[in-house]
Amino acid sequence: MSISKTYQPKQAEDKWYSYWMEQGFFRSVPDEREPYTIVMPPPNVTGVLHMGHMLNNTIQDVLIRRARMQGKNACWVPGTDHASIATEAKVVAMLKEKGINKKDLTREEFLSYAWEWKEKYGGIILEQLKKLGASCDWERTRFTMEPDLSEAVIDTFIHLYKKGLIYRGVRMVNWDPQGKTAVSDEEVIRREVNQKLYYINYKIVGVEGHLTIATTRPETIMADAAICINPNDERYFHLHGKKVLIPLINREIPVILDEYVTMDFGTGCLKVTPAHDLNDYELGIKHNLPVIDILNDDGTLNEKAVILIGEDRFAARKKIAVMLEEAGALEKVEDYKSQIGFSERTNAVIEPKLSMQWFCKMDEMAKPALDYVLNGDIKLIPEKFTNTYKYWMENVKDWCISRQLWWGQQIPAWYLPNRQYVVAKTVEEALEEAKSLKLKAESANTMNYELLTINDLKQEEDVVDTWFSSWLWPISVFDGFKNPDNADINYYYPTNDLITAPEILFFWVARMIMAGHEFRGALPFKNVYLTGIVRDKLGRKMSKSLGNSPDALELIEKYGADGVRYGMLKSSPAGNDLMFDEDHCKQGSAFVNKIWNAFNLIKGWEIDESLSSINKVSIDWFSGRFNQVLIDIDGQFKQYRLSEALMSVYKLVFDDYCSWYLEMVKPPYQPFVEKQKIDKESYLATLAFFENLLRVLHPFVPFITEELWHDDLFGPRAEKDCCIVANLPAIGEIDTQLLTAVENVKQLVTEVRNVRNSKQISPKDKLPLAIKTNSGIDYPLFEAIITKLANLEAVEYTGVKINGANAFLVGTDEFFIALADNIDVDAERERLLAELEYLQGFLKSVNAKLQNERFVQNAKPEIVENEQKKKADAETKIAIIEDSLSALAK
RNA sequence: GGGAGUUUAGCUCAGCUGGUUCAGAGCAUCUGCCUUACAAGCAGAGGGUCACUGGUUCGAACCCAGUAACUCCCA
């Protein structure tokens, strides 16, 4: 294979991804190996790849690839989420463009459009993940609304209903009067708006006088159920137990007491309107107040308002202000700023509205789910999220699981003509159930249950919340509901790691843990790695509306998948937001190119059997260094410090292998030969090291490593002999003494280069070096290396200082470079004096510690020992420098 | 309003049980090199009141209290 000067990612990526697929390397079936399982957080089926997905899936792929190379049976299950709200919104928008209004369609018609849409756009995102190199078992791809998974949703709904955990209840929802639909909290955009605060007088019944309330919504006074004051408010003691009249309609309402009211906001009197404000609603429940809903679905006032019937809420607000003024009930109007919710879709002002919804009781299920995390069976990474999780689980609220949408699993409840309902899997079962209701029927009930037919039953229109299907994901992808004892689920469940974003810790992660316990009696995963939010350089969340998110596929096009993976991982410690900067990808592709070029160097070599081995020290050193880094990486992976692990690999390749090892062993340039001759042992060792580096690199940069793995240089490879399934190198022996010695040697080489740099001496000029060793380091052993890397002409060992030479210290060893021009004596003295001063100060502080009895008594022995060593070192160095200074004086 | 978290070099982050006399990395910056693998490179260098104020300790970036700024979650 001829090798080009720079690496061309594109061909390699397509080629190897298909090859991996053909060979079935991503496929996992249960066997006798230890399983390692990740279920992918299913992206929205009609979504496109964004930076959050890139980060998330890069992390998953690194973990999966590493596990595979550790000999585990690695299984990564991909899939998509039907995302009812987002998808339905997209379909509605698409229909609108075609001139079709959702309201004019039947449910069946709408759903067929939606499925068509899903078939067309669904799965694009999974195709995009392939470009990133995601090694998922694609044969296991699931969709949250496919028949089996939907059936699981229905079955679990019925299960929970029978257990008494699902009930119907009234709840305040975000109502969009323009779209005439409830929208989720996530779809409400809060904006600060200039408003008016109206001060309105209410007459007190039975006595002279009035009280004044402040409100931004005077049109809702007709829905008032009470006036609330703080019981501690001295201004209003006289109102306790009184009643007041609502202006204009003169309905009598009570004054109630509750500490909920803030005394210093407004007038201290709060109008309580349970039908049109969430807080008021809760206050109403507490005080048993009636709920008077004066608004129609389209935001106009209904007959309960008594006045202004049929007017729009905003028109009514203006009119009522005038009417109040005319009635003398308007005290004053002030400007006021506050947050108002707008519908993301229609931009209409959201109206809090009471509606009947389905709920799932949470407290019973939350308890065991909290325990899994608190007792460490499930680890949250980083740990700090445990607190948040605990707080939420201890204050869990019931889950509103119904959504007023069509795209999703329709709630399996059927209403009888008298609004009684039954919960059953099919309409036939529902009918049976309905007929049996007779027994429980009250005597006043005139309905004849015996005569009910299927046509009398009407299924609940609402669907369940999307999370009500995704909370089953780790079980349902392995068919754990339909076949609870099948081989897959027994083998893969509980899964190992879940990689997801912290903002869905409650929505999704907590509920999966609950579902795992409820439906399988076991946790769904052992570790939860929470990634950060991907932000731009300015710290803003990446979003489509800001347009600050780079196109994921363009990035891959530009930097190669390996480069982008590097860029995503570079600065993404768990749980911290990732300030994404394209520069990281650039660095990634530079790194990939560096690997390519290192290989290019080796390709230019040829074994010459006649040469004897001269690089034993270098080979031993790198081997030890490699093993040392393997240990580091292992530890970093155990703690999920992926960016640190990547940095360790980066430095191992860039610094240790390329900058030091290859420079040590590379044969001197031989002119007039096509390939540089090298001894056999060095060549084989270097190539073996490179292959091991490929293994360590593979989880991070899979494509370049697979490409090089198959180069002729490694000889012919069997069909299945691929980097992706190679074993990670085992950790071998480490000669610590050798490693320490080489650290000194490296420092020595750096010092020589420094002298060269500061004296402006060309790297081509050879320098003389004299060594006066005071440590036990065997410099002759490293002489060849030092000579080569520092470009020396000769190395001399001396017992005495060399006057007039450039001198420096490494540890306690002294080195001299004698140059033709004498050194600047004054400058040298100054340098030495500065160093002496530093060392004396250092020694002083060390001595202070050692003379401090409390330190010697309290500190750990090894720390005291270390201080003593520091002291000895400093004393030696001081002696050397004092010597040098006196020599300089001569 | 309640809760959680963050604050260390220009940027992004390490600093794991409190223990070097000035705290590390990568990138960026500066200087010098087109040195036969790589200028997407090589060799060097500079850069910090660890947000602030107190306290605990022989010893604090680290523990405690308070202050400030920012971020997120729940309402």
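Numbered from 1 within each chain, the chains take letters A, B, ... in sequence-line order.
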Just to confirm, is there a sub-4.0 Å distance from OP1 or OP2 of [N] to any side-chain nitrogen or oxygen of [X]?
X: A:N395; N: B:rC74; answer: no
X: A:T750; N: B:rG44; answer: yes
X: A:R756; N: B:rU31; answer: no

Practice task
Could you tell me whether the side chain of A:E663 has a donor or acceptor atom within less than 3.5 Å of a complementary atom in the base of B:rA43?
Solution key: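 No such pair is found, so the answer is no.
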Exercise for the section: Quickly, which of A:N527, A:V509, A:V528 forms a side-chain contact (heavy atoms from CB on, under 4.5 Å) with A:I378? Name it, please. Expected result: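 The single option meeting the side-chain contact (heavy atoms from CB on, under 4.5 Å) with A:I378 is A:V528.
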Problem - Same-atom distance (P) from B:rA60 to B:rA23, integer angstrom - result: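 To the nearest whole Å, 15 Å.
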Handout entry: P spacing across the pair B:rC33 / B:rA25, given as an integer number of angstrom
Key =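 About 26 Å, rounded to a whole number of Å.
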Practice task
Taking the six-membered ring for Trp and the single ring otherwise, decide whether the centroids of A:F700 and A:Y650 are under 6.0 Å apart.
Solution key: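 Here the rings of A:Y650 and A:F700 have centres that are no less than 6.0 Å from each other.
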Practice task
Return yes if a side-chain donor-acceptor contact under 3.5 Å exists between A:E582 and A:Y559, otherwise no.
Solution key: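 There is such a pair (donor and acceptor under 3.5 Å, judged by atom type) between the side chains of A:E582 and A:Y559.
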Would you mind classifying the nucleic acid contact of [X] as base, sugar-phosphate or nothing, using non-hydrogen atoms under 4.0 angstrom?
X: A:T388; answer: sugar-phosphate
X: A:Y559; answer: nothing
X: A:N387; answer: sugar-phosphate

Exercise for the section: Using the closest heavy atom to pick a nucleotide of RNA chain B for each, name whichever of A:E751 or A:Y669 lands nearer the 5' end. Expected result: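 By nearest-heavy-atom nucleotide position, the 5'-most residue is A:Y669.
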Handout entry: Given RNA chain B, 5'-ward residue of the pair A:W660 and A:R854, judged by closest heavy atom
Key =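 So the residue in question is A:W660.
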Exercise for the section: Measure from the side-chain N and O atoms of A:N174 to the backbone N and O of A:I350, and report whether any donor-acceptor pair falls under 3.5 Å. Expected result: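 Not at all, since once roles are kept as given, no pair shorter than 3.5 Å links the two residues.
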Problem - Ring geometry between A:F689 and A:Y661 (parallel below 30°, tilted from 30 to 60°, perpendicular above 60°) - result: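 Rings of A:Y661 and A:F689: perpendicular, over 60°.
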Practice task
Hey, can you tell me if A:F690 and A:Y657 have their rings parallel, tilted or perpendicular (30° and 60° cut-offs)?
Solution key: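 Geometry flag for A:Y657 against A:F690: tilted rings.
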Completion exercise
Given protein heavy atoms under 4.0 Å, the one-letter contact record of nucleotides 18-29 of chain B, with B base, S sugar-phosphate only and - none, is simply -BBBS--SSS--
Exercise for the section: Rounded off to whole Å, could you give me the OH-to-P distance for the A:Y661 and B:rC38 pair? Expected result: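 In whole Å, B:rC38 P lies 20 Å from A:Y661 OH.
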